[in-house]
Each structure stands twice: as structure tokens, then as C-alpha cells.
Asks: 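Before anything else, here's the structure in question.
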Protein chains: 2
Amino acid sequence: MQNTVIDQRVQLFIETCRRHHLKITPQRVAIYRVLIQSKQHPTADRVFRAVKKEFPNISFDTVNRTLLTFAGIGVVDVVETFGGPKRFDPDITDHHHLHCMACGRIIDFAYEGYARLEVPKTIASTFKVISRRVVLKGLCDACSPKQ
Amino acid sequence: MQNTVIDQRVQLFIETCRRHHLKITPQRVAIYRVLIQSKQHPTADRVFRAVKKEFPNISFDTVNRTLLTFAGIGVVDVVETFGGPKRFDPDITDHHHLHCMACGRIIDFAYEGYARLEVPKTIASTFKVISRRVVLKGLCDACSPKQ
DNA sequence: TCTTAAATAGGATTAATTCTTATTTGTCAA
DNA sequence: TTGACAAATAAGAATTAATCCTATTTAAGA
């Protein structure tokens, strides 16, 4: 990702924090920077270890709590998983996920064929839908048995 | 669920176990019976507490290990979650999920509009799809703010 | 019935997450 | 610019979820 793009996203992030009366701390900015540059839907521990390079005595709890705070104001998403530690997604635009059952990799994809996954009327009347996503389970290229 | 339906499903379950050379233990049958009668996508702990009524000294580990074994042979599914303990689904037919973000309830629904969630070609060529599901996040009836 | 590998119970261990408390630090108002 | 204060942090303790270890038991095939 380009530096200018990163700075733009950080700027938007800071504005979102202000709107929610969250203090702009260097830790929060560093955590957000790590997040938006990560491709792998990282766990809190992965983010922690990456941020630790810049802030050697940041605590795990700060990273974890911050990620949950970010999720609370909608700047990151907690990704659906099938057990194991929580994983975070800095891409909050509409997209879908492939889960490799072998290596655990989660791969983003967009597909206009799913663009309007309309919700059945019987559901829409009793359930307020906030987000919708197609989740595919399977085997990624690297994990598929080669013949 | 009717007793005859339960017995039929248990019979199929037993046959599946035999096909996979798994021993038919009373614990496994009891765990399976609890599962197919549960509507709430229970955690291992919930299953444990339910089975404990019948087997007062079954161990949590047995229940948990058994559930994972069942998932391995495909008689139950591990459901997608957003953190927290694993949850299990005895319904292995194609269906979709609503997740209430407030109470954590997971609601099954079927919808023929999603019946053929075709996979984009670019994905299908690099990823072997095993299952597909629409995951909706939102608020269930009980948790929606009333006006 | 006998043998044996698989499964279980129970407790210990590890992993993931959250809580507690003393200290520090952004932010807002003066 | 400074001071006050609520919010945020660091560090470690505590909790919850999951897994491992080992001695014992048991289902299933010979």
C-alpha cells in the first residue's frame, strides 16, 4: 500500500476516533497502521508482535482491548472463524471470504454476483440485518492435493 | 423432534461411525442424541452439561474430543463464530445463518434464492470449495430496540 | 471368550482472553 | 499555556476455553 494511501486512511481513522470521543494515542495509531498493512486477517497476538517492534513495552492487553474498541466503532471487523483466536479485518467494505480448512488462511474476494444478497421477507421482518457475507470453506491452492 | 425421527438419525449416525471404524460407545450415542435435539448450536460445555445428566461422570474432555471427532467424519459441523467457544451444528444440510450480535443467538434459515451460490470462475480455479453459506449479522427480534 | 487397539475419566497444562490496579497521558476548559 | 480529570496504558493476575497426559476400561474382531 502506498504511503499516501496509508496516511489518508490514518487521517480518516483519527476523525472517526474523534467522532467517538476516543483519545488519539500513539499506540492506537500504531495498531491501526499495522492493521491496515496486514493482509492476513491477523490475530491480536500477531498485531501485538508487530506493534511491539515500534513500541517495545506495549502490553498485549492494550493491543487486544484496542482492537475490540476499534471493532466497537466500526473501523475494523471481527472476522467469522471456526474456533481459535479472534481475527481482525481492516477492510470494512463489503466483501466475502474463503476459508482454507487446511492452513487457516482467509482470502478476501469481491463478486458482483453476490452484490445484493437480498434477505428473505420472512427473515427481514423479524431480524434487523446489519451485514451480509458469503463464507466459502475449502482448500486453497497451496493446500489442495496435487496430482 | 419425534422419537422415531431421532432413532432414525441415531441409526444413520451409527452406520457412519462404523464406516469410519469408530467404536459405538454409549457416550458417543448420548452426545449425538443431545446434539440433534439441541436447537441452539450448543458449545461443548452445554453439550457436556446436558449429557452429564445421563452420564454423571463423563468428562468434559470426552465430550469435546467426541464433538471434534464427529466434525471430522462430517456428522456435525463447527459453526462460524466471531470469537468465544466453538459451537456445533447437527444440521449438516445446506442452510444459512443469522447471528444476533446482541444475544449471540444463531438462527438457521434456508432460502432457495441462495440455492446456487455460484463461485466466481477466478476463485473456482484456485480454491476447492467444500461448503458455502450466507452469514448475516444483525439483531434478532428479542434484541431489536422496540419503539 | 480372548486380545488388542481405541476410548474414557480425571487431572494437569496450555492457549486465549479479560480483569485489576497503579500510573501515565490526551483533551478540554480556564 | 497550564491544570484538572477522565480515559488509556502497562503489568501481572485471574478466568475461560481447549488440549494433553496417563492409567484404566471397553467395544469389536478373531
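Below, chains carry the letters A, B, ... as their sequence lines are ordered, and counting in each starts from 1. Because the structure is predicted, anything quoted here is derived from the model rather than measured.
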Asks: Would you call the rings of B:H96 and B:Y114 parallel, tilted or perpendicular, where under 30° means parallel and over 60° means perpendicular?
Replies: perpendicular
Asks: Any luck finding a side-chain donor-acceptor pair between B:E118 and A:Y111 under 3.5 Å?
Replies: yes
Asks: Could you check whether A:S59 and A:T62, counting side-chain N and O atoms only, form a donor-acceptor pair closer than 3.5 Å?
Replies: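 Distance-only check passes for A:T62 and A:S59.
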Asks: Checking A:T43 against A:D45: is there a side-chain donor and acceptor pair closer than 3.5 Å?
Replies: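 Looking only at side-chain atoms, A:T43 and A:D45 do not form any donor-acceptor pair under 3.5 Å.
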Asks: Return the value, rounded to whole Å, for the distance between atom CG of B:L67 and atom C1' of D:dT19.
Replies: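 In whole Å, D:dT19 C1' and B:L67 CG are 14 Å from each other.
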Asks: For B:R18 and for B:G84, locate the closest nucleotide of DNA chain D by heavy-atom distance; then report the residue assigned to the nucleotide nearer the 5' terminus.
Replies: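 The residue mapped nearer the 5' terminus is B:G84.
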Asks: Looking at B:F82, I'd like to know if the NZ or CZ of A:K86 sits under 6.0 Å from its six-membered ring centre while staying within 45 degrees of the ring's axis.
Replies: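 Output no; distance or angle outside limits.
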Asks: What's the CD1-P distance between A:I31 and D:dA8, to the nearest Å?
Replies: 12 Å
Asks: Quick one: does B:Q11's side chain have a donor or acceptor within less than 3.5 Å of a partner on B:D7's backbone?
Replies: no
Asks: Polar pairs (N or O, both sides) under 3.5 Å between protein and nucleotides 11-16 of chain D?
Replies:
from	atom 1	to	atom 2	distance (Å)
D:dA11	OP2	A:N57	O	3.2
D:dA11	N6	A:D61	OD2	3.4

Asks: Specify the separation, in whole Å, of atom CZ of B:R19 and atom P of D:dA28.
Replies: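 Atom CZ in B:R19 sits about 15 Å away from atom P in D:dA28.
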Asks: Does A:T25 have a side-chain nitrogen or oxygen under 4.0 Å from the phosphate oxygens OP1 or OP2 of D:dT9?
Replies: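 Yes, such a contact exists.
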Asks: With a 3.5 Å distance limit and no angle check, can you tell me whether B:R132 reaches the backbone of B:L117 through a side-chain donor-acceptor pair?
Replies: yes
Asks: Between atom NE2 in B:H20 and atom C1' in D:dA28, what is the gap in whole Å?
Replies: 18 Å
Asks: So where does chain A start and stop touching DNA chain C, 5' to 3', when the test is distance under 4.0 Å to a non-hydrogen atom?
Replies: C:dA16 to C:dT27
Asks: Under 4.5 Å between any side-chain heavy atoms of A:I6 and A:Q37, yes or no?
Replies: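 Contact flag for A:I6/A:Q37 side chains = yes.
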Asks: Verify the ring-centre separation between A:F70 and A:F88: is it less than 6.0 angstrom?
Replies: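 Ring centres of A:F70 and A:F88 not closer than 6.0 Å.
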Asks: Which whole-number value in Å describes the distance from B:F60 CZ to D:dA18 C1'?
Replies: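 My rounded result for the distance is 7 Å.
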Asks: Quick one: A:H21 NE2 to D:dA8 P, roughly how many Å, whole number?
Replies: 12 Å
Asks: Nearest whole Å is fine: how far is D:dT25 P from B:Q27 CD?
Replies: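 To the nearest whole Å, that distance equals 14 Å.
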Asks: Do A:H99 and A:H97 have a side chain donor and acceptor closer than 3.5 Å?
Replies: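 No.
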Asks: Centre-to-centre under 6.0 Å for A:F109 and B:F127, is that the case here?
Replies: no
Asks: Check DNA chain C against residues 39-48 of chain B and give the residues with a non-hydrogen atom under 4.0 Å, in numerical order.
Replies: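 The answer is none.
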Asks: How do B:K23 and B:F55 order along DNA chain C: which one's closest nucleotide is nearer the 5' end?
Replies: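 First, find each residue's nearest nucleotide; the 5'-ward one identifies B:K23.
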